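Presented below is the structure to which this report refers.
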Amino acid sequence: EATTSPIDNARPVRVVSVAHPQLVKGFDVVAGLPAHLRGEIRSGAIEIAARYLRHESHGGSAGIQRLADRFVDNGGQLIEGTMSDEEYAQCVGHADVVLIPYRLGTFRTRTSGVVLDALAAGKPVVAVRGTWAGNLIEQHGVGTVFADGQVDDLRSAIEYSVRHLDALR
């Protein structure tokens, strides 16, 4: 846990994960993130928000619920419920950094529309190294990558992205 923030901004930097809350889409990694950025969250330097749907078919299982509770307990903000296309576009549009923590085993050669939506909106993306999205990010310099499942590495990737927002857009 950091006691001082290496992030120095006039307003909180908004980091968002808009993927459905599923383990294959890295919700477990996202849920652990606020505990690793507690100092930055408490100081108001950063906000972390993640999408959460309570319905069972959308990942609302007891395990996902426990992860969501941990996320909130450590200062994360849940974006609850379904979003219209307009609400989704606003959510991505208001983000400073978009998280794509999709797991390597499933997303090595495939991706999600979230990646393209974030890039189209000019948002830096933080994605898993070796995934289709991560390779795209590295090739074009439009974000940062991190090791699959490694919350500490994700934290470092977010901090780098925040410090270099303008260069990564």
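On a predicted model such as this, the values are computed, not experimentally measured, just so you know. Start at 1 with the first residue, then count along the sequence. In what follows, every heavy atom counts, from backbone to side chain, and hydrogens, waters and symmetry copies are set aside.
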How close do [X] and [Y] get, heavy atom to heavy atom, and via which atoms?
X: V126; Y: S161; value: CG2-OG, 3.5 Å
X: V18; Y: C91; value: CG1-SG, 3.5 Å
X: A95; Y: V98; value: CB-CG2, 4.1 Å
X: A49; Y: R14; value: CB-NH2, 3.4 Å
X: P12; Y: E47; value: CB-CG, 3.7 Å
X: A35; Y: N74; value: N-CB, 3.7 Å

query: Is it true that D73 and R66 make a salt bridge, defined as a side-chain N closer than 4.0 Å to a carboxylate O?
result: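 Salt bridge: no.
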Test item: [X] and [Y] side chains (from C-beta on) under 4.5 Å apart, heavy atoms:
X: D96; Y: I46; value: no
X: D153; Y: R129; value: yes
X: Y160; Y: L168; value: yes
X: L154; Y: Q150; value: no
X: P21; Y: L67; value: no
X: L119; Y: L136; value: yes
X: L165; Y: P124; value: yes
X: L37; Y: E159; value: yes

Would you say [X] and [Y] are hydrophobically clustered, going by side-chain heavy atoms of ILVMFWY under 4.5 Å?
X: V16; Y: I48; answer: no
X: F107; Y: V30; answer: no
X: L104; Y: V125; answer: no
X: L23; Y: I100; answer: no
X: V92; Y: L99; answer: no

Roughly how far, to the nearest 0.5 Å, is the [atom2] atom of [Y] from the [atom1] atom of [X]?
X: Q90; Y: E86; atom1: CD; atom2: CD; value: 5.0 Å
X: L33; Y: R70; atom1: CG; atom2: CZ; value: 10.5 Å
X: H20; Y: S112; atom1: NE2; atom2: OG; value: 8.5 Å

If you measure only the distance, is there a donor-acceptor pair under 3.5 Å linking the side chains of [X] and [Y]?
X: Q22; Y: R103; answer: no
X: Y102; Y: D148; answer: no
X: Q65; Y: D69; answer: yes

task: In sequence, state the C-alpha distance, the side-chain angles, and the governing distance for Y88 and V114, and then conclude on side chain to side chain contact (heavy atoms under 4.5 Å, CB included).
output: CA-CA 10 Å; Y88 171 83; V114 175; 3.6 Å; yes
query: Hey, does the side chain of E138 reach the backbone of N135 with a donor-acceptor pair shorter than 3.5 angstrom?
result: no
query: Between K25 (side chain) and P101 (backbone), is there a donor-acceptor pair under 3.5 Å?
result: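 Checked: no pair found.
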- request: Walk me through it: do S156 and F146 pass the test side chain to side chain contact (heavy atoms under 4.5 Å, CB included)?
  value: CA-CA 8 Å; S156 296; F146 71 100; over 6 Å; no
- request: Would you sort out whether M83 and R51 count as a side chain to side chain contact (heavy atoms under 4.5 Å, CB included), showing the intermediate values?
  value: CA-CA 9 Å; M83 289 188 272; R51 190 168 183 189; 3.6 Å; yes
Residues I79, Y52; criterion side chain to side chain contact (heavy atoms under 4.5 Å, CB included); working and verdict: CA-CA 6 Å; I79 304 163; Y52 181 70; over 6 Å; no
